[in-house]
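All remarks here apply to the structure that follows.
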Amino acid sequence: MTVDTATSVCPHDCPSACPLVVELPGPGRIGRVHGGDLPYTDGVVCAKVARYAERVHHPDRLTTPLRRLGAKGEGRFAPISWDEAQDEIASRFKEAAARLGPQTVWPYFYAGTMGHVQQSAINRLRRVMGYSNQAKTICSTSASTGWVAGTGAKWGVDPREIPESDLIVIWGANPAATQVHLMGLISQARKQRGAKLVVVDPYRTPTAEKADRHLMLRPGTDGALACAVMHVMFRDDLADRAYMARYTDCPERLERHLESRTPQWAAAITGLAAEEIEAFARLYGTTKRAYLRSGYGYSRSRNGSVNVHAVSCLPAVSGAWRHRGGGANQSMGGVFDLRRTLLDGLDVPAPKVRTLDMSRIGPVLTGDPKDLAGGPPVTAMLVQNSNPAAVAPDSGLVRRGMLRDDLFLAVHEQFMTATARLADIVLPATTSMEHADLYTSYGHTFLQVAKPVIPPIGQSCPNHRVIADLASRLGAIHPGFEMDEWEMIDQVLAASDLPGADELHALGGLDCAKVFEDAHFLSGFGHEDGRFRFAPDWGAEGLPELPDHLAVTDAADEDHPFRLITPPSRHFLNTSFTEMPTSRTQAGRPTALLHPDDCAALGLTEGGLVSIGNSKAEITVHVQSFPGIARGVAAVEGIWPDEFFPGGKGVNFLTSADPALPGGGAVFHDTKVWLKQVEPS
């Protein structure tokens with residue numbers, strides 16, 4: 001029997017932005033999801049999205065607007081109509097703005113969908129109404145700051161060159177779990193060219209298990225390792241001095257600076273053996289077609305931007321940028337030149353308003369004067385595409401702020417998340433299968449569009465329409481509020497001198513890749529002088545002038561002898577997919593990975609319970625003895641819902657809202673903690 005299909009695009013915050021072929025077994029239903037035909041993704045899709053029907057048709061999907069009953073946080077709600085819900089939100093926003101000014105309203109969003117139309121509507125409302133701005137720091141800010149400090153641009157070498165590489169270095173990423181297509185390209189290079197794979201990561205991830213060499217360094221010490229590698233390249237005449245003379249700012253100064261950054265110096269900081277560092281440095285320095293994939297994990301530390309910059313210096317010292325299959329990449333997001341005026345309402349004069357740091361939502365909502373930037377308290381919020389009560393750092397503080405009686409909170413969501421349970425009004429949201437959108441990627445170079453493949457489930461409504469309806473009630477006027485999604489996509493593409501929405505949909509995607517000379521920066525780096533910056537302009541005090549180890553992390557001490565990292569689970573994506581039965585079954589339960597010697601010293605048994613704590617909170621999880629992690633480091637993978645933790649507190653109760661230096665960014669992998677055995681009750 002033939003099953004009808006439709007095309008779509010995966011909306012989730014993953015580098016791949018996969019094209020999809022969706023089975024349609026009956027009216028209003030999707031079935032199995034397959035990968036679409038696009039270079040780079042090559043017809044492959046992750047297991048989570050392949051079973052997306054579990055999510056779309058989940059019995060716990062929100063299908064009607066809800067109003068809170070009883071006290072905040074009780075989780076009791078009653079159905080209401082859309083008109084009632086939108087009228088109440090508009091009324092509460094107007095009351096708050098009349099009392100304290102429009103900046104008391106804070107629209108909050110992130111990347112629950114990466115589609116530009118659905119994600120950006122909230123920014124248009126913010127700009128037109130003069131509501132508080134948002135610094136989008138929770139994910140990529142510290143990595144981007146570090147990468148751009150050297151390269152001056154937000155792109156790198158197209159990953160489709162990896163099959164021509166002789167060495168691939170995965171630094172601070174786990175693509176076997178989070179970017180399966182990259183692993184396919186690496187596999188091609190290993191089979192066709194005998195390429196070597198090196199992984200730099202504080203624990204043995206599924207990617208590290210496949211590597212020829214795994215450098216298991218201490219969290220937050222990546223800058224020291226990078227400096228020692230460059231020291232060896234200069235010392236052993238493996239540095240490409242001709243390349244540096246033409247394309248970089250101060251190679252002689254860098255060489256003098258690195259004279260003391262020996263492998264022995266780095267070994268004391270990183271926990272690696274000096275011999276390991278020497279061997280990696282020689283391998284990297286003697287392999288011209290060396291491709292370095294810089295991940296996001298190691299940027300999520302107080303010194304993350306400095307670390308990313310130090311790592312980005314390696315191909316500038318080796319000259320790997322010269323060669324096909326050589327160079328580096330952090331994000332491909334900068335290859336897309338979309339004109340965002342219509343999406344973000346940039347044709348409206350910018351109001352003089354404060355910018356609130358989304359990663360510091362806890363301090364913001366609990367009234368920290370510095371975080372409020374001299375403005376009023378936040379007394380009204382609309383949250384879309386995010387679950388900050390679970391995802392943001394310092395969950396306890398976030399929830400304390402959200403439970404304030406004087407804060408009105410509306411949440412637009414697909415499921416009753418931890419944030420939605422704290423809301424006054426909850427609105428049901430569509431999935432990507434139920435609305436149209438425009439998609440770029442940060443892992444590849446293809447621009448894509450998607451149409452809805454089924455009608456909205458229940459009374460769920462797209463972000464774009466929710467914002468337009470709210471705008472009409474608030475008196476916010478902008479052409480974008482009058483358009484449907486497809487009309488807006490078409491106009492954004494036209495303004496960007498790109499094919500129209502229908503043409504792009506028929507094409508199945510448009511390759512926006514840069515030519516070799518631009519992708520490899522042989523036509524110049526993104527700074528005004530065209531040179532890579534070994535000495536970046538950080539725009540802040542206290543940061544190293546040249547690549548170095550910046551010792552500002554939440555270092556272990558006598559009372560907190562362990563470092564906690566919170567890497568992603570391959571079965572979830574932040575808190576998305578945590579509601580899917582198969583994902584939960586495959587992930588098992590929240591678990592702390594600990595070295596066997598640490599387990600023995602603490603008297604912990606396999607599958608037993610351990611308390612992990614610091615000055616913020618104490619959580620309880622089950623223990624897994626794992627030799628592939630350094631002593632003194634604990635890893636808790638994935639952001640599980642609180643109810644899956646014995647004691648009811650999730651991992652982000654322990655993480656800090658301190659910003660990464662210099663431009664902000666969440667520091668999820670930079671937490672000192674104590675551990676102790678929990679007696680079974």
- Task: Could you check Val9 against Asp437 for side-chain contact (heavy atoms from CB on, under 4.5 Å), going step by step and ending with a plain yes or no?
- Result: CA-CA 9 Å; Val9 178; Asp437 219 327; over 6 Å; no

Inter-residue atom distance [X].[atom1] - [Y].[atom2], 0.5 Å rounding:
{"X": "Leu66", "Y": "Arg76", "atom1": "CG", "atom2": "CZ", "answer": "13.0 Å"}
{"X": "Arg360", "Y": "Leu372", "atom1": "CZ", "atom2": "CG", "answer": "10.5 Å"}
{"X": "Leu427", "Y": "Trp82", "atom1": "CG", "atom2": "CH2", "answer": "4.5 Å"}
{"X": "Glu579", "Y": "Met416", "atom1": "CD", "atom2": "CE", "answer": "13.5 Å"}
{"X": "Thr205", "Y": "Arg570", "atom1": "OG1", "atom2": "CZ", "answer": "9.5 Å"}
{"X": "Leu564", "Y": "Ile619", "atom1": "CG", "atom2": "CD1", "answer": "7.0 Å"}

- Taking side-chain contact (heavy atoms from CB on, under 4.5 Å) as the test, write out the residues that go with Pro15, two or more places apart.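 For Pro15, the residues satisfying side-chain contact (heavy atoms from CB on, under 4.5 Å) (neighbours in sequence not counted) are Gln179, Arg293, Tyr442.
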
- Does any non-hydrogen side-chain atom of His435 lie less than 4.5 Å from one of His464?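 When only atoms from C-beta onward are counted, His435 and His464 do not touch, as no gap falls below 4.5 Å.
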
- Query: Between Phe336 and His116, is a ring-ring contact (aromatic ring centres under 6.0 Å, His included) present by the stated rule, with each step listed?
  - Reply: CA-CA 12 Å; Phe336 302 99; His116 290 284; 8.2 Å; no

- Task: Indicate the atoms forming the closest heavy-atom contact of Leu62 with Val426, along with that distance.
- Result: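 Smallest heavy-atom distance, with atoms named: CD1-CG1, 3.6 Å.
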
- Using the test salt bridge (Lys or Arg N to Asp or Glu O under 4.0 Å), find all partners of Lys72 that sit at least two apart in sequence or belong to another chain.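 Here the qualifying residues are Asp424.
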
Would you check if the side chain of [X] reaches a backbone N or O of [Y] as a donor-acceptor pair within less than 3.5 Å?
{"X": "Lys649", "Y": "Leu654", "result": "no"}
{"X": "His669", "Y": "Gly220", "result": "no"}
{"X": "Gln119", "Y": "Gln384", "result": "no"}
{"X": "Arg126", "Y": "Ser132", "result": "yes"}

- Message: Is there a side-chain contact (heavy atoms from CB on, under 4.5 Å) between Phe446 and Ser441? Walk through the geometry before answering.
- Response: CA-CA 7 Å; Phe446 287 86; Ser441 167; over 6 Å; no

- Query: Hey, are Thr41 and Ser16 close enough side-chain-wise for a donor-acceptor pair under 3.5 Å?
  - Reply: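 The answer is no; no qualifying pair exists.
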
- Item | CG (Asp60) with more than 12 external heavy atoms under 6.0 Å |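 More than 12 within 6.0 Å, yes.
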
Review item, side-chain donor-acceptor pairs of residues 634-647, under 3.5 Å, at least two apart:
residue : atom : partner : partner atom : Å
Glu637  : OE2  : Tyr203  : OH           : 2.6
Asp642  : OD1  : Gly650  : N            : 3.1
Asp642  : OD2  : Arg399  : NH1          : 2.4
Asp642  : OD2  : Arg399  : NH2          : 2.9

- Pick one: which of Asp394, Asp371, Asp357, Leu356 meets side-chain contact (heavy atoms from CB on, under 4.5 Å) with Pro363?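 When Asp394, Asp371, Asp357, Leu356 are each tested with Pro363, the side-chain contact (heavy atoms from CB on, under 4.5 Å) holds only for Asp371.
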
- Message: Between the side chains of Arg404 and Asp406, is the shortest nitrogen-to-carboxylate-oxygen separation below 4.0 Å, so that they form an ion pair?
- Response: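 Salt bridge present between Asp406 and Arg404.
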
